[in-house]
Amino acid sequence: MKNSFLHFIVLLTITSCTSVKVYNEKIESLHSIEDLRTDVDKVYMQLKKQHPKLYQYTSKEVLDFKFDSLKASITRPINSRQFYKKLSPVVAHVKQGHVSVSSANKRFTRKERKKLKKKKFEFYDLDFEYLEGKLWVKRTRGKDSTIVGNEVISIDDEPVSDLIETYKTQFASDGYNKTLHNRFASRHFSSFYYRNRGFVDSLTVTLRRNDSTFIKSFRRISKKEKKEEDTLNGSVKSPKLRKKPKPKKLTRAEKIAKRLENKKKRKQNKKFGYIASRKIYTRNFDFIGQDSSIGLMKIRAFGNGNYKKFYKESFTKLDSAKTKYFILDLRDNGGGRIAEIDYLYSYLTHQDYQFITESEVNSRIPFLKYLMSNTSSSSLKAISGLLFPFIATHNWLKIKKKDGKLYYNFKKHTKIKPPNPMNYKGKVYVLINGNSFSASSLLSTHLKANKRAVFVGEETGGAYNGTVAGIYKIYQLPTSKLKIRMGLMQIEAPQKQYPDGYGIKPDINVIPTIEDRNLKKDTELEWILNDIARQK
């Protein structure tokens, strides 16, 4: 029995290694013209079958032309990464922000992954921002803070201006607005670089500070080496002093106290949505000044954590303090759960409301389309197959046909509801920018349509009239192995604006400059605080 198990593990390991090797050879090899053109057809066919609003912003005639032109442009064999660079700009012409193409990247064996986990790529410590037509280092999680505020000129001799312009063609906002492009391309600059360049162990970056230009190398180094390097740069310099001290033996009472403290910390991390990789919280709330007359809530995403507890506690504090002004910061919030934004809006409105309308879909079984994609694991497909009668029945009961179209009913969010009894009654300001997308735009639509808030910043990247999201299908192309992700449900508020295809526009347009960043000025927030001071 024991020998059989060992043989099974060895066989599994060999199979896994072989599969990784075959996959890597496949994506690096040159694909035939015919096979690549078939992949193009597969992409367009999937979009036409699954996407309920494919021609909302770009007409069928134009999209047909774009995909036909792409096929005609493939005149020689190319590999998967080269194909990604040709395909992604064409898919971006759909102008639906939740439709995206990911490049086919090198896979690693379990042994290689284990080794890589012990390493850290210094370049990934950097956060970037694109301002005044240039890419700047916004912040770093590394120790060298002197590079913050520097302009990035080139990476391995490739001009950054060219890279940014290329990356901006590889994704779309919802509709026609352009504010998302600069923000998104710079915020995800490292990811785009990896998609286009592939796995690297080092980079040479040319930076500029004022009139001084210099070169800095970023390496993939061991985390242990990094830790020792940080220790040497700190107060501990002697190797002897760097030895790990023996842990203190705790008494029973101290152990209990430590367990209670850790439990309390876990609860707090869950409530605020702790992001371990960045050592920040998804949600923050505090008062500005001494008199609690201004509350500031920063929401980075509508994702992880116990959001109900957070909002309940925050709005109870606002009510108890009789806070007159409330600032909701949705800048760089890429979206998340409908349930969370619905719950948050219940604290900001004074009247009964319907949060979303019924969602247009292209299939009577959208959840099975999501679960049974060719990228789903075999186990998920098997479970979905066993549960098929229940999932199909659920979908059929939830979907109705009206005017020749299919609609899915999120009953919890489509029914009319009263505001939360603890709803905030003071003045509301909302901070937005081009990276305010998806769910944060949907929430902003309600606040804007009902004149509930003053918006400060720049137009959102997400559309006022909704977006195709909800659940997603991720489909892998047979030859190139690129993956295309697409939303399956039109999610929109009852309110609409015309013309279609634009985001929520600010009442006060405020764009930060690099000088503001260097002076650590939050220009948009400062405008709000000055406006409140004038009212006082």
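For the pair K308 and Y343, the distance from NZ or CZ to the six-membered ring centre is under 6.0 Å and the angle to the ring normal is within 45 degrees. Both the sub-6.0 Å distance and the 45° axial angle are satisfied by K48 relative to the ring of Y44. Y281 does not carry R283 over the face of its six-membered ring by the limits of under 6.0 Å from the centre and within 45° of the normal. Judged by the 6.0 Å distance and 45° axis criteria, K119 is not positioned over the aromatic ring of F121.
Checking side-chain atoms of D332 against main-chain N and O of N435 turns up no donor-acceptor pair under 3.5 Å. A donor-acceptor pair is defined here as one N or O able to donate and one able to accept, closer than 3.5 Å; such a pair exists between the side chain of Y130 and the backbone of G133. Formation of a donor-acceptor pair under 3.5 Å by the N150 side chain with backbone atoms of V137 is not found in this model. At distances below 3.5 Å, not a single donor-acceptor pair connects side-chain atoms of N465 with backbone N or O atoms of K496. Looking only at distances, a side-chain donor or acceptor of N333 sits under 3.5 Å from a matching main-chain atom of I299. At distances below 3.5 Å, not a single donor-acceptor pair connects side-chain atoms of R183 with backbone N or O atoms of N433. In this structure, T58 contributes its side chain and L63 its backbone to no donor-acceptor pair below 3.5 Å. Not a single donor-acceptor pair under 3.5 Å links the side chain of T169 to the backbone N or O of P89. Remark: the backbone N or O of T204 is not paired with any side-chain donor or acceptor of S217 at under 3.5 angstrom. A donor-acceptor pair is defined here as one N or O able to donate and one able to accept, closer than 3.5 Å; such a pair exists between the side chain of Q82 and the backbone of N79.
Across every non-hydrogen atom of G487 and P52, the tightest pair is O-CD, 4.3 Å. Nearest approach of Y57 to K95, heavy atoms of both residues: CD1-O, 3.1 Å. Closest of all the heavy-atom pairs between H446 and A493 is NE2-CB, 3.6 Å. Contact record, Q96 with V468: OE1-CG2, 3.9 Å, taken as the closest heavy-atom pair.
One distance of note links CZ of R300 with CZ of R331; it measures 10.5 Å at 0.5 Å rounding. Taking CG of D41 as the reference point, atom OG1 of T38 lies at 6.0 Å (rounded to 0.5 Å). Summarising the geometry, atom CZ belonging to F326 is positioned 4.0 Å from atom CE belonging to M297; distances are rounded to the nearest 0.5 Å. Note that CG of L529 and CD1 of I288 are 5.0 Å apart. Values are rounded to the nearest 0.5 Å. For the atom pair OG1 (T460) and CG (N177), the distance works out to 6.5 Å, reported to the nearest 0.5 Å. From L442, atom CG reaches atom CD of Q495 across 9.0 Å, with rounding to the nearest 0.5 Å.
Atom CD of E515 is surrounded by 12 or fewer heavy atoms from other residues, nucleotides or ligands within 6.0 Å. Counting non-hydrogen atoms of neighbouring residues, nucleotides and ligands closer than 6.0 angstrom, the NZ atom of K270 reaches no more than 12 such neighbours. In the displayed structure, K42 atom NZ is contacted under 6.0 Å by at most 12 heavy atoms of other residues, nucleotides or ligands.
Between E458 and K505 there is no salt bridge, since no side-chain N of the basic residue sits under 4.0 Å from a carboxylate O of the acidic one. Between K298 and D286 there is no salt bridge, since none of the side-chain N atoms of the basic residue sits less than 4.0 Å from a carboxylate O of the acidic one. The pair R517-E132 does not count as a salt bridge, with every side-chain nitrogen at least 4.0 angstrom from each carboxylate oxygen. Under a 4.0 Å N-O distance rule, the pair K143/D125 does not qualify as a salt bridge. The residues D127 and K138 are annotated as not salt-bridged, no charged nitrogen and carboxylate oxygen being separated by less than 4.0 angstrom. A salt bridge does not link E112 with K115: none of the charged nitrogens is closer than 4.0 Å to a carboxylate oxygen.
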Next on the checklist: Test side-chain contact (heavy atoms from CB on, under 4.5 Å) on F199 and N105; report intermediate values, then the result.
Outcome noted: CA-CA 8 Å; F199 183 86; N105 294 307; over 6 Å; no
Item to check | side-chain hydrogen bond (donor to acceptor under 3.5 Å, both in side chains) between T206 and S154, intermediate numbers included | outcome: CA-CA 5 Å; T206 304; S154 64; 3.2 Å; yes
Checklist entry - Between F123 and I155, is a side-chain contact (heavy atoms from CB on, under 4.5 Å) present by the stated rule, with each step listed? => result CA-CA 11 Å; F123 185 68; I155 300 178; 3.9 Å; yes
Next on the checklist: If you apply the rule side-chain contact (heavy atoms from CB on, under 4.5 Å), what do you find for D39 with H31, and how did you get there?
Outcome noted: CA-CA 11 Å; D39 270 11; H31 309 303; over 6 Å; no
Next on the checklist: What verdict does the side-chain contact (heavy atoms from CB on, under 4.5 Å) test give for F65 and H93, after you've listed the backbone C-alpha separation in whole Å, the side-chain angles of each residue and the deciding distance to 0.1 Å?
Outcome noted: CA-CA 11 Å; F65 174 77; H93 277 287; over 6 Å; no
Next on the checklist: Between T513 and D516, does the side-chain hydrogen bond (donor to acceptor under 3.5 Å, both in side chains) criterion hold? Intermediate values first, please.
Outcome noted: CA-CA 5 Å; T513 64; D516 295 330; 3.1 Å; yes
Item to check | side-chain hydrogen bond (donor to acceptor under 3.5 Å, both in side chains) between N210 and S212, worked out | outcome: CA-CA 6 Å; N210 299 325; S212 174; over 6 Å; no
Checklist entry - Yes or no on side-chain hydrogen bond (donor to acceptor under 3.5 Å, both in side chains) for K473 and Q46, after CA distance, side-chain angles and deciding distance? => result CA-CA 9 Å; K473 179 170 182 177; Q46 283 293 318; 3.1 Å; yes
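Residues L443 and L328 form a side-chain contact, since some pair of their non-hydrogen atoms from C-beta on lies under 4.5 Å apart. Taking 4.5 Å as the limit, every side-chain heavy atom of V94 sits out of range of all side-chain heavy atoms of M486. Two residues are said to be in side-chain contact when any heavy atoms from C-beta on lie closer than 4.5 Å; V40 and L36 fail this criterion. At least one side-chain heavy atom of K168 sits under 4.5 Å from a side-chain heavy atom of N182. The shortest side-chain heavy-atom distance between S444 and I432 falls under the 4.5 Å cut-off. In this structure the side chain of K448 reaches within 4.5 angstrom of the side chain of D507, judged on heavy atoms. Here the side chains of N374 and Y475 are in contact, with some heavy-atom distance below 4.5 Å. The shortest side-chain heavy-atom distance between L488 and V361 does not fall under the 4.5 Å cut-off.
Taking the six-membered ring for Trp, Y502 and Y464 have ring centres at least 6.0 Å apart. For an aromatic pair to be called close, the ring centres must be under 6.0 Å apart, and F272 with Y274 fails this. If you look at Y194 and H188, their ring centroids are not closer than 6.0 Å.
The aromatic rings of Y167 and F192 sit parallel, their planes meeting at an angle under 30°, below the 60° perpendicular limit.
Of the residues listed (F128, F184, Y124), the one engaging F189 in a ring pair (Phe, Tyr, Trp, His ring centres under 6.0 Å) is F128, and it is the only one. Under the side-chain contact (heavy atoms from CB on, under 4.5 Å) rule, V456 has a single partner from D329, L431, V430, which is L431.
Residues satisfying the salt bridge (charged side-chain N to carboxylate O under 4.0 Å, His left out) criterion with R220, sequence neighbours excluded, are D201.
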